[in-house]
Every structure is written in C-alpha cells, then in structure tokens.
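No hydrogens, no waters, no symmetry mates; every other heavy atom, side chains included, goes into these values.
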Amino acid sequence: MASGLEPGSTVRIGDALCRVSLPVVLGFEGNCLLIAGVVRVGQKPPEGIAREPVYRVLQTGFKAFLEGSEAIEELESQYERAAAYATVYGGLILYSKCGDAPISRFYSSRMPVDLAAGGGDVRRVDDRDILEIWSSLLSGRLEFASRLGGPLALPEGYSARLGLGGLKLAALGFECMPPYVEV
C-alpha cells in the first residue's frame, strides 16, 4: 500500500509513475443521487485541504484501483465511498446513495474546474434536477456544469465551480505514465 498519498503527489504503481488527483464530492445532493469526481491538481494540493478524509479516500481508492472495489464498501460515509469510486473511475461519477453504487461516468478534457476555500451547506435538490444536468453533460452541453458549482461535501470547507478555472477534471484518480521502454 502506498503511504503518504496526497493530491498532487506521485506514486509508483508497478513500473509506472502516477499523479494523484484530488477526490471531491459536489455539494449538490438529491434524495438518492450525488456527484463525485477527481480534479487534477498541481504539485501541491490547495492550502488547508482536510487531510484525513481525503487521505482515507485516496488509500481506499488506491487499494480498490489495484485489488478491486470491495475495499470501498468498508468506508463508513457515503461521501467517502462516492469519492473513492471517483478515484477509481475518474472524471465525474453519478452515484446512487440508495443503491450505494456508481451509476454513470462523465469525463471531458475541456471541463475546467476552480477550487476555492470557503464552504457552506450542501444544497438539497430534486433527483430530477441532477438527472437533467447529468443528461445535458452526457450530450455535450458543458455549460450545464456551472449549475453544479457551490460548496463541496468533501473535502469540507471548499467550494468548486465547474466550467470555470485553471484546473481540470482528471481522467483517473491515479493518472499513470507508462514506464520507459527501450526499443
């Protein structure tokens, strides 16, 4: 198991060197649905990121990445489980709290993300609103992502704006460069 996993750091998986992304859970939550994702951050995570829940999610996501998703079921919080699945699958995932499982994945390399200190309460919305936004994203209408902005459920004390900013969604929670091979 990798020790010291931190967003923006690198970890070796086999012969590959992999960049660790920041798992997040958007604070836009329905009765049964929520959205989690992974954000590609630089060499250093944003200041003040709550280390313990992020570290726990990354450790579990790393184990699931290598061994299978059973490790994720051991996490107590639905937010942590959703974020751990996002770490494995990458991009944004639509997560069912009622079924306790990921439903769908969305990724676009053109989706900018902005993170900022300062949180707030999770916004409770109708599941239909989440499905409307999700279907719009899947059909390529990225402008709908801005409706998902606001306080993050994980890590707490932060907010995110989708569709704006200098960061990007990560294709995977652990984006790996293949090892150098001589030909």
Side-chain angles (χ1 to χ4, degrees), residues 1-27 34-96 100-116 134 137-138 142 145 148 152-158 160-162 165-181:
M1 184 70 74
S3 62
L5 286 174
E6 190 168 300
S9 67
T10 55
V11 62
R12 191 167 289 283
I13 300 177
D15 290 336
L17 194 58
C18 307
R19 166 95 43 206
V20 180
S21 299
L22 173 66
V24 299
V25 176
L26 303 179
L34 60 87
I35 297 175
V38 282
V39 178
R40 184 181 300 135
V41 294
Q43 300 273 335
K44 196 171 140 186
E47 283 296 317
I49 288 289
R51 299 241 188 273
E52 188 55 36
V54 169
Y55 178 73
R56 193 169 35 252
V57 164
L58 286 172
Q59 284 290 101
T60 304
F62 187 74
K63 184 176 180 182
F65 188 76
L66 297 176
E67 301 171 13
S69 63
E70 294 80 25
I72 294 173
E73 295 166 12
E74 297 171 10
L75 290 169
E76 293 177 23
S77 157
Q78 286 183 322
Y79 292 150
E80 289 180 355
R81 285 192 295 275
Y85 276 116
T87 301
V88 173
Y89 296 125
L92 294 175
I93 65 159
L94 181 62
Y95 182 83
S96 170
D100 218 11
I103 298 171
S104 176
R105 176 186 186 265
F106 168 80
Y107 173 73
S108 171
S109 61
R110 299 177 302 134
M111 174 77 73
V113 179
D114 184 40
L115 295 176
W134 194 257
L137 293 175
L138 291 177
L142 300 183
L148 296 171
L152 294 176
L154 184 106
E156 291 180 3
Y158 277 81
R161 292 187 306 170
L162 280 71
L167 302 174
K168 297 275 186 185
L169 287 179
L172 290 170
F174 301 97
E175 296 181 308
C176 301
M177 297 288 295
Y180 177 74
V181 179

Drop me the distance from [X]'s [atom1] to [Y]'s [atom2], to the nearest 0.5 angstrom.
X	Y	atom1	atom2	answer
I93	I35	CD1	CD1	9.5 Å
L152	L154	CG	CG	8.0 Å
Y79	L26	OH	CG	11.0 Å
T87	Q59	OG1	CD	11.0 Å
R19	L172	CZ	CG	14.5 Å

Report yes if the side chains of [X] and [Y] come closer than 4.5 Å at any heavy-atom pair, otherwise no.
X	Y	answer
V24	P155	yes
L162	L92	yes
R56	L75	yes
L142	R110	yes
V20	F62	no
S108	L169	no
P7	L58	yes
V54	P23	yes

With sequence neighbours excluded, tell me which residues meet ring pair (Phe, Tyr, Trp, His ring centres under 6.0 Å) with Y95.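 Residues passing ring pair (Phe, Tyr, Trp, His ring centres under 6.0 Å) with Y95: none at all.
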
Search all heavy atoms of [X] against all heavy atoms of [Y] and return the closest pair with its distance.
X	Y	answer
T60	A71	CG2-O, 3.4 Å
G90	V38	CA-CG2, 3.6 Å
C176	A16	CB-CB, 4.1 Å
S69	Y85	CB-CE2, 3.9 Å
I13	C18	CD1-SG, 3.6 Å
F174	G61	CE1-C, 3.9 Å

Closer than 3.5 angstrom, by distance alone: can the side chain of R105 be matched with the main-chain N or O of Y89 as a donor-acceptor pair?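 Present.
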
Please check: side-chain N/O of R81 versus main-chain N/O of I72, any donor-acceptor pairing under 3.5 Å?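 Not a single qualifying donor-acceptor pair exists.
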
Which residues pass the salt bridge (Lys or Arg N to Asp or Glu O under 4.0 Å) test with R161, sequence neighbours left out?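 Result, salt bridge (Lys or Arg N to Asp or Glu O under 4.0 Å) vs R161: D114.
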
